[in-house]
Amino acid sequence: MSDSSVRHALSGAAAALVGGPEDVTDALATLVADCAAGVGASAVAVMTRDGDDSRVALLSATSHRAAELEMLQIQHDRGPCVECLRTDRVVRASGDEMVRRWGEVGQGIREAGFDSVAAFPMRYRATTIGGLNVFHAGGCLDAEDETLVQAVADMATLLVVHARPVPRAHVDALVGEALRAREVVEQAKGVLSYLERIDLATAYERLVERSRRRGTTLTRTALDVIAEAQRG
């Protein structure tokens, strides 16, 4: 990852933290996109605990393909990000090792066109609240990149909890809010896919493009898409 990419990814997220109320889904979408561009990754995704220690959920992804792989991990309760959450350690694998370690999930990663994956813990104080997955379709992260991606994962944590010393119950509530916002984005993707007769990956790209063009948050744009469809 280049120094300029690191500065862009982290300074943008920091500005979101100190600039007042921020749409967490929008800020995370920008952060993971900048991270992917910086390390030359094919995709980056964030998974988080959903309220308690037994459930995990998708929080953000740079593409529909990455989102599907996170959901595959959730369904099978195994995979790089699930393992990262349980062990609080960086998890990395490539090639056939992914299949040996995670079975159908590893095979799914291979079939999606990715040759390697690394997952980084998102820690808040003594609790691992999520994980950041980096997928490569050729190559992998080097040691310097891994240090910098962990910094991105730490910043993602701060975006979710807003860097305030709050009780665990409050952290869970903040994560829940972010997940509900993500659900709105998923609904809007489905609406655009149906109305415009496009696949979900293209629908997400158009939703992000519309958000940037209008200068509104991703969640606000998603809500507008749903409202417009309901009005007919």
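Positions are given from 1, in the same order as the sequence printed here. Quick caveat, the model's predicted, so the values are computed rather than measured.
A continuous path of Ile, Leu, Val, Met, Phe, Trp and Tyr side chains, each step under 4.5 Å between heavy atoms, connects Leu195 with Tyr204, placing both in one hydrophobic cluster. Under the 4.5 Å side-chain heavy-atom criterion for grouping Ile, Leu, Val, Met, Phe, Trp and Tyr, Met155 is connected to Val32 within one hydrophobic cluster. Under the 4.5 Å side-chain heavy-atom criterion for grouping Ile, Leu, Val, Met, Phe, Trp and Tyr, Val152 is connected to Val90 within one hydrophobic cluster. Criterion: ILVMFWY side-chain heavy atoms under 4.5 Å apart, direct or through other members. Under it, Leu179 and Val184 are not part of a common hydrophobic cluster. Hydrophobic clustering (side-chain heavy atoms under 4.5 Å, transitive across Ile, Leu, Val, Met, Phe, Trp, Tyr) keeps Met98 apart from Val82.
Thr48 OG1 to Leu132 CG: the interatomic distance, rounded to the nearest 0.5 Å, is 11.5 Å. The CZ atom of Phe120 sits 9.5 Å away from atom CG of Leu148, with the distance rounded to the nearest 0.5 Å. Taken from CD in Glu111 to CD1 in Ile109, the straight-line distance is 11.0 Å, to the nearest 0.5 Å. For the atom pair CZ (Arg123) and CG (Asp154), the distance works out to 7.0 Å, reported to the nearest 0.5 Å. Leu158 CG to Met122 CE: the interatomic distance, rounded to the nearest 0.5 Å, is 9.0 Å. In this structure, CG on Asp88 lies 3.0 Å from OG1 on Thr128, to the nearest 0.5 angstrom.
No hydrogens or angles considered: nothing links the side chains of Gln107 and Trp102 as a donor-acceptor pair under 3.5 Å. Donor-acceptor pairing under 3.5 Å is lacking for the side chains of Ser94 and Asp115.
For His136 (side chain) and Val39 (main-chain N/O), a donor-acceptor pair under 3.5 Å exists by modelled atom type. Side chain of Thr221 to main chain of Thr217: a donor-acceptor pair is present (N/O by atom type, distance under 3.5 Å, no hydrogens or angles). In this structure a side-chain-to-backbone donor-acceptor pair under 3.5 Å is missing from Thr62 to Ala36. With hydrogens and angles ignored, the 3.5 Å screen pairs no side-chain donor or acceptor of Arg182 with any backbone N or O of Ser60. Although no hydrogens or angles enter the test, the distance criterion places no donor-acceptor pair under 3.5 Å between the side chain of Thr202 and the main chain of Ile198. In this structure, Gln73 contributes its side chain and Cys81 its backbone to a donor-acceptor pair below 3.5 Å. Between the Glu70 side chain and the Leu59 main chain, no donor and acceptor come within less than 3.5 Å of each other. Checked by atom type and distance alone, the side chain of Thr216 never pairs as donor or acceptor with a backbone atom of Arg212 at under 3.5 Å. Listed for the Arg49 side chain is a donor-acceptor partner under 3.5 Å among the backbone atoms of Leu85.
Taking 4.5 Å as the limit, every side-chain heavy atom of Asp34 sits out of range of all side-chain heavy atoms of Leu31. Side-chain contact check for Val44 versus Phe135: every heavy-atom pair is 4.5 Å or farther apart. No side-chain heavy atom of Met47 sits under 4.5 Å from any side-chain heavy atom of Asn133. Looking at Leu141 and Val149, their side chains come closer than 4.5 Å, going by heavy atoms from C-beta outward. At a threshold of 4.5 Å between non-hydrogen side-chain atoms, the residues Leu207 and Val185 count as touching. By the 4.5 Å heavy-atom criterion applied to side chains, Arg220 and Arg214 are not counted as neighbours. In this structure, the side chains of Val208 and Leu218 come closer than 4.5 Å at one or more pairs of heavy atoms. At least one side-chain heavy atom of Val91 sits less than 4.5 Å from a side-chain heavy atom of Arg101.
A salt bridge between Arg92 and Glu146 is present, with a side-chain N of the basic residue lying under 4.0 Å from a carboxylate O of the acidic one. The pair Arg180-Asp50 fails the salt-bridge criterion, with no side-chain N (NZ, NE, NH1 or NH2) lying under 4.0 Å from an Asp/Glu carboxylate O. Classification of Arg89 and Glu83 as a salt-bridged pair fails, no side-chain N sitting under 4.0 Å from a carboxylate O.
The stretch residues 192-204 participates, sequence neighbours left out, in these salt bridge (charged side-chain N to carboxylate O under 4.0 Å, His left out) pairs: Glu196-Arg206, Glu196-Arg210.
Residues Ala203 and Ser193 share a closest heavy-atom pair of CB-N, 4.0 Å. Minimum heavy-atom separation, Ala112 to Leu69: CB-CD1, 4.0 Å. A pairwise comparison of heavy atoms in Ala41 and Val134 identifies CB-CG1, 3.6 Å as the closest pair.
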Chi angles and distances behind the side chain to side chain contact (heavy atoms under 4.5 Å, CB included) call for Leu28, Thr25: CA-CA 5 Å; Leu28 280 172; Thr25 302; 6.0 Å; no

Show, in sequence, the C-alpha distance, side-chain angles and deciding distance for Lys189 and Glu186, and conclude whether the salt bridge (Lys or Arg N to Asp or Glu O under 4.0 Å) test is met. CA-CA 5 Å; Lys189 281 169 53 179; Glu186 291 297 319; 3.3 Å; yes

Evaluate the side chain to side chain contact (heavy atoms under 4.5 Å, CB included) criterion for residues Tyr124 and Val160: first the C-alpha distance (whole Å), next the side-chain angles of each, then the deciding distance (0.1 Å), finally the verdict. CA-CA 10 Å; Tyr124 182 72; Val160 173; over 6 Å; no

